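To start, the structure under review is shown below, and the notes come after it.
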Amino acid sequence: MAKEKGKGPRHVAIIMDGNGRWATQRGRPRLFGHHAGARRVREVVRACPDLGVDYITIFAFSTENWKRTQVEVAGLMSLFRRYITKEAKALHDEDVRVRFIGDRVRLDNKLVDLMDELELMTSECKKVNLTIALNYGGRDEVARATKRLAQDVANGSLKPADVNEETLPKYLDTYVLPDPDLVIRTSGEARISNFLLWQSAYAEYEFIDTLWPDFTAEELARLVRSYGTRDRRFGAVKA
Ligand code: IPE
Ligand code: IPE
Ligand code: MG
């Protein structure tokens, strides 16, 4: 459920963009930027509870990112494995419940095992919900959801007449999450690049110039405050 005006966003989603340019500006390889970007996540997640943010979702790897060089893709996959291994205990100790969204089929088994373990290990955590979108694409998610929905129609457990805006999202990867209230994209690009297409239908957007490795908890706090001044009408007219 979205919150009213004056309240903070309950669910913030972030397109963490600009790692490559941040590294290039420093004359370093793109992966250097990805490592610096991964280090920003902890501070940002930690800031959420005090800002009233219960859910934070971060875009780590898109279904389109496989188009990058083999070196960059392999480096990112190895970074994800390392990140989960290194951060698991701290996430658990800080009471962060971690979930992953995206298609796991194309990810290597070792990484999928680590993802499953982290989800299980933090399944009782309650302070904040961190969702990591990994091999995630909004269109891919809707297509996978539709396939499962069609299977349920074929096996008789769902009637075509019962397919609607309430039943369809139950098939999405995000079925347990509220819709994002605020979507932030760093690095100056004003596009959504296939992120949470269905879920963000009525989200507020912030496109900011900061490159992801320079993003801070203070900047998140500023964006959360600014969200509180917005008037969300959801198509209605104010009384
Ligand atoms: C975002 O940073 C991280 C991923 C997409 C994995 P980029 O790698 O897209 O950085 P830029 O946009 O090239 O600067
Ligand atoms: C979106 O960033 C994906 C992630 C942040 C993981 P990209 O850098 O891949 O998006 P485009 O290609 O600029 O649209
Ligand atoms: Mg980019």
Side-chain angles (χ1 to χ4, degrees), residues 11-45 55-87 98-108 111-112 114-115 118 130-144 172-174 177 180 182-200 203-216 219-220 223:
H11 183 177
V12 174
I14 307 183
I15 302 172
M16 309 184 290
D17 197 16
N19 295 347
R21 277 162 283 172
W22 186 90
T24 303
Q25 284 172 2
R26 285 159 180 77
R28 304 294 299 269
R30 295 178 56 84
L31 275 165
F32 180 72
H34 294 314
H35 282 266
R39 282 196 295 275
R40 299 313 306 154
V41 173
R42 196 193 276 202
E43 175 186 322
V44 170
V45 172
Y55 293 85
I56 175 152
T57 298
I58 57 176
F59 203 2
F61 192 88
S62 76
T63 46
E64 288 70 43
N65 287 147
W66 299 102
K67 294 177 192 161
R68 298 185 178 198
T69 64
Q70 202 267 330
V71 169
E72 183 167 352
V73 170
L76 280 164
M77 293 301 148
S78 137
L79 169 62
F80 299 143
R81 288 192 300 269
R82 254 181 58 180
Y83 180 85
I84 297 173
T85 311
K86 268 183 56 190
E87 293 291 310
V98 184
R99 297 181 179 90
F100 291 90
I101 55 172
D103 189 1
R104 299 182 189 201
V105 169
R106 199 170 167 184
L107 300 174
D108 77 50
L111 176 57
V112 174
L114 289 167
M115 291 158 64
L118 184 57
L130 168 64
T131 302
I132 303 175
L134 219 168
N135 193 25
Y136 175 86
R139 288 181 171 183
D140 175 70
E141 179 191 35
V142 171
R144 284 185 290 105
L172 296 173
D173 297 350
T174 51
L177 308 177
L182 173 63
V183 177
I184 298 168
R185 183 176 187 140
T186 57
S187 92
E189 312 295 352
R191 55 176 173 263
I192 57 177
S193 302
N194 208 5
F195 191 43
L196 300 176
L197 296 181
W198 171 282
Q199 299 86 340
S200 297
E204 299 292 326
Y205 282 88
E206 286 278 5
F207 297 101
I208 59 165
D209 287 335
T210 309
L211 301 175
W212 175 253
D214 292 327
F215 190 81
T216 60
E219 192 147 30
L220 177 65
L223 297 171

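All values below were derived from every heavy atom in this structure, side-chain atoms included, with hydrogens, water molecules and symmetry-related copies excluded. Whatever order the structure lists ligands and atoms in, that order sets their numbers, starting from 1. As the structure is a computational prediction, the values presented were derived from the model and not from experiment.
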Requested in this report: State whether the number of non-hydrogen atoms from other residues, nucleotides or ligands found under 6.0 Å of Arg26 atom CZ is greater than 12.
Outcome: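 Above 12, so yes.
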Query raised in the report: Which N, O or S atom name in Asp17 marks its closest approach to the Mg ion (ligand 3)?
Result: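 Among the N, O or S atoms of Asp17, the one closest to the Mg ion (ligand 3) is OD1.
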Query raised in the report: Does a salt bridge link Arg144 with Asp173, judged by any charged N lying under 4.0 Å from a carboxylate O?
Result: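 Salt bridge between Arg144 and Asp173, a charged N being under 4.0 Å from a carboxylate O: yes.
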**Report entry** Carboxylate-amine/guanidinium contact Arg21 Glu189, below 4.0 Å
**Finding:**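 Salt bridge flag = yes for Glu189 with Arg21.
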Contact table ligand 2 N or O to protein N or O, d under 3.5 Å:
residue, atom, partner, partner atom, Å
ligand 2, 8 (O), Asp17, OD1, 3.2
ligand 2, 8 (O), Arg68, NH2, 3.2
ligand 2, 9 (O), Asn65, ND2, 2.8
ligand 2, 9 (O), Arg68, NH2, 3.2
ligand 2, 10 (O), Arg185, NH2, 3.2
ligand 2, 10 (O), Ser193, OG, 3.4
ligand 2, 13 (O), Arg191, NH2, 2.7
ligand 2, 14 (O), Arg191, NE, 2.8
ligand 2, 14 (O), Ser193, OG, 2.6

Requested in this report: Determine the interplanar angle of the Tyr136 and Phe195 rings, folded into 0 to 90°, and report it as parallel if under 30°, tilted if 30 to 60°, perpendicular if over 60°.
Outcome: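 Perpendicular, since the angle between the ring planes exceeds 60°.
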Query - Identified side chain to side chain contact (heavy atoms under 4.5 Å, CB included) partner of Ile132 from the options Ile84, Ile58, Val41 - result: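 By the side chain to side chain contact (heavy atoms under 4.5 Å, CB included) criterion, Ile132 pairs with just one of Ile84, Ile58, Val41: Ile58.
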Query raised in the report: If every non-hydrogen atom of Phe215 is compared with every non-hydrogen atom of Arg40, which pair is closest and at what distance?
Result: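 So the two residues come closest at O-NE, 2.9 Å.
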**Report entry** Residue Glu189, metal the Mg ion (ligand 3), N/O/S under 2.8 Å
**Finding:**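 Checking the Mg ion (ligand 3) against Glu189, no N, O or S atom falls under 2.8 Å.
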Query - Main-chain N/O of Ile15 paired to Arg185 side chain as donor or acceptor, under 3.5 Å - result: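 No; zero donor-acceptor contacts below 3.5 Å.
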